[in-house]
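This report refers to the structure that appears directly beneath it.
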Amino acid sequence: MKKVFAVTLGILTAIGGFVDIGDIVANAAVGARYKWALAWVVVVGVIGIVLFAEMAGRVAAVSGRAVFDLIRERLGPRFALANLIGSFFVNLMTLTAEIAGVALALELATDVNYLLWLPVCAFAVWLVIWRVKFETMEDVFGIVGLAMIVVAVTVWRAGPDWGSMFHEASHPSLNSGEGLPTYFYYAIALFGAAMTPYEVFFFSSGAVEEHWTRADLFVNRANVYIGFPLGGLLSLALMSAAALTLAPLDITVEHLGQVALPTTLTLGKLGLATLLIGFFAATFGAALETALSAGYTIAQYFGWQWGKFVRPREAARFHTVVLATIVVAAIIGLSSVDPIKVTEYSLIFSAVALPLTYIPILVVANDPGYMGTKVNSRFSNALGSVYLVIILVAALAAIPLMLATKAGA
Amino acid sequence: MRLSELLGKEVVDASGERAGHVHDVRIQQDGPVTSGFDAALRVHGLIIGRGGLANRLGYGRGTRGPWVIRAIVEGRHRPSFVPWHRISAIEGERIRISGSHDDLERVEP
Amino acid sequence: MAARIIDAALELLDRQLIDRDDKLAGNVDDVEITLPENWPANESDELPVVTALLSGPGVLAERLGGRLGRGWAEFHRRIHPGTAGLGAIPVAQVREIGSAIRLAVARDQLPSDRMEDWFRRHVIAKIPGAGHAPE
Amino acid sequence: MVAIAMAALLTSGACVGSARGEGDYQKKAVATTEHVRSSVRTVQLAIQAADEDDAFGPFLSRVISQAEDDAGSAVNGFDTIQPPTDTSDQLRDDVDQIAADSLDLIAAARIAIRRGDLEGLAGLADLLAQAGDNLEQFGQDHHA
């Protein structure tokens, strides 16, 4: 084993996908509005991202090639450029929201307006990427992000009727006055949150940063099988806490502070403090993930040297892209766009862009030229094909549903 | 000339019949692998076929699964191989080959 | 030893270049093929040979085509006038062809490294800590 | 794609606008009271947390002032809609009245928490519960 916490890459990646600022609020909002009627989407999403990230991590370990490298190789420079532009746009929007999210977490702790925190947070994100080594970064933010588990404790302590909870989750039904299009809009948003392209950009590039080889395939599986289900669990916990405490009062969740109320009421000051630390670490981790992904995707498309495994001066263009992206995201964030709305849209766009990332990975994971004997098993391919259909349907339905429901209004 | 100039060009046989588009250029590496590549990469011919997507994704030459994607991109036509000596001219967007396209060898999967 | 078959579009094009010090050194943006002299008029049995791998933004732009590619290529020609052969890596400098292509030279000897060098000197080197070790 | 995103961001900000007839106006009136009710209930929970000494002052202060902002902007949005008929004027006054009561209570809660006046805050709990119930009753009475 290379280090003590060998699965923190998977945990940090999953936190960035499942419980970044937009998802923290979206999960609670969905729980308060639909209770457990959308819990199945989280399960579908977890299985999908486990499948997807396992392939991406395996390809990276066996061939040393990260995801965007392969996208260009298999789709050619034109399609890959379209994917790059779309993915970069999603990354930038998400990064904007995450930097603001870190600031919102600090705002809740200090009652100082988040716009004052925002430049400080942006600088801190850049500084960590510039100075802290990759393994330290993923250990710190992966482990501290686990403070979010306090939400699961909240649900457990609240002592729900597990039987009826499971019944509501397995027999989803809608309240009167709720339309199906809005329901499916939220379903796609949750699915998009579980399976974001930036998660696999980050995860596979992280595997290269950590110098995984064929001998690390078990590390890959451990990361995937522990990290993503944990992310899904946090997502379900946020949903359940809101369903138990906020739904009976018909509260519409719009702010991070409302998300923290169930834990506050159940576990008191210690619970609240832990949760605020969790919010901070999770959004900070997601900011690192999206800022680095912006650099990874562009550098890999052009073949530039990237990564934190070399000195910054040896990956000059990569670090320039990361720095510029953080600056632009901070400027957009300061223009006081609603950061939570921004991630909700970026989730929908990441669902649209997903097939262009998923298909190349699925194909390369079957290419013996890269994989030798480590090509996909029949089971992976069967499941991979089912998800190919789900991903295509979600991608095609996303924009029409967003327009038809006025983004879930 | 550049590889990208050859890719995608239409191939027609002596009787003017269309044989498909250039998917790839097959190169043979003659001689030892280790000691540099001193002019060892020779172009042996073109891989042509209908529908370019399968080629780009690597189907038909090693990659097999998953069958859904293979079934969609491969279609009914297997790519064929045009040995270089059968190319008689490259004219704009077209490549002329001698003889009939029916006797071209199919590329083994 | 049996001759190895390489399908150029599948196995060369768009692959990562790695220099002799394991640094990433651009992608294969195109491949230069040299036809036999007077081909096809001379009727000889000589085969065309791959003479160089091409790498760099100007090459990529030409390959992209379309309005964007042409505009980009034009822009590139303006800032680097008279650089038609720029970005060519002679085949003799290739050491290994696999999931990436390894070169026998250092990347700063490649013409496609100029932009990296520019950003290194004008942006990154100016920030404190640019040379610190990652580990 | 960028253009679609921008369009979506812009249109979503303007979800309240004109009303197409009385029924539509009534729907928007009910939606507004539901928004305000959500804020009222949020503040109730915050007060409960303060009462049981479950939370820190800055946190509660922030939760309450965000609820205040939400409720305020819901009411302001509603007020900019032109009432289509004379009967709608009555509805508008009713909404304004009932919402103003709630907003006053929320503002009182915000002032109390910032002053650290926990007793005053606790005294607002019942009033807020009543205001929330009134808003709920209004919604049921005017459900189209």
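- The parts of C:D29 that come within reach of chain A are both its backbone and its side chain, each placing non-hydrogen atoms under 4.5 angstrom from that chain.
- Judged by distance alone, with hydrogens and angles left aside, the side-chain atoms of A:R311 form a donor-acceptor pair with the main-chain N or O of C:G131 at under 3.5 Å.
- A:H319 places no side-chain N or O within 3.5 Å of a backbone atom of C:R120 that could act as its donor or acceptor partner.
- In this structure, the salt bridge (charged side-chain N to carboxylate O under 4.0 Å, His left out) partners of C:R121, at least two apart in sequence or on a different chain, are C:D117.
- The part of C:L68 that comes within reach of chain A is its side chain, from C-beta onward, which places non-hydrogen atoms under 4.5 angstrom from that chain.
- With respect to chain A, the highest number of heavy-atom pairs below 4.5 Å among C:A130, C:G26, C:A125 belongs to C:A130.
- For A:R78, the parts lying near chain C are the backbone and the side chain together; criterion is any non-hydrogen pair under 4.5 Å.
- With C:D14 contributing its side chain and A:R74 its backbone, the two residues share no donor-acceptor pair below 3.5 Å.
- The contact between C:L64 and chain A is made by backbone and side chain atoms together, counting heavy-atom distances below 4.5 Å.
- The contact between A:Q300 and chain C is made entirely by backbone atoms, counting heavy-atom distances below 4.5 Å.
- In this structure, chain C has no heavy atom under 4.5 Å from any part of A:F318.
- Note: A:R72 CZ to C:L60 CG = 5.0 Å, rounded to the nearest 0.5 Å.
- Annotation: the span from A:F302 atom CZ to C:N27 atom CG amounts to 9.5 Å, rounded to 0.5 Å.
- To the nearest 0.5 Å, atom CD of residue C:Q16 and atom CZ of residue A:R65 are 5.0 Å apart.
- For chain A, the option among C:V28, C:I127, C:V123 with the highest count of heavy-atom pairs below 4.5 Å is C:I127.
- The CZ atom of A:F309 sits 9.5 Å away from atom CG of C:D22, with the distance rounded to the nearest 0.5 Å.
- Nearest heavy atom pair, residue C:G129 against residue A:P312, reads O-CG, 4.1 Å.
- At a 4.5 Å heavy-atom cutoff, A:L70 makes no contact with chain C through either its backbone or its side chain.
- Expressed to the nearest 0.5 Å, how far CZ of C:F119 lies from CG of A:L323 amounts to 11.0 Å.
- Listed by sequence position, C:S99, C:A100, C:R107 are the residues of residues 99-109 of chain C in contact with chain A, using a 4.5 angstrom heavy-atom cutoff.
- Separation of atoms CD (A:Q305) and CD1 (C:I18) is listed at 9.0 Å; rounding is to 0.5 Å.
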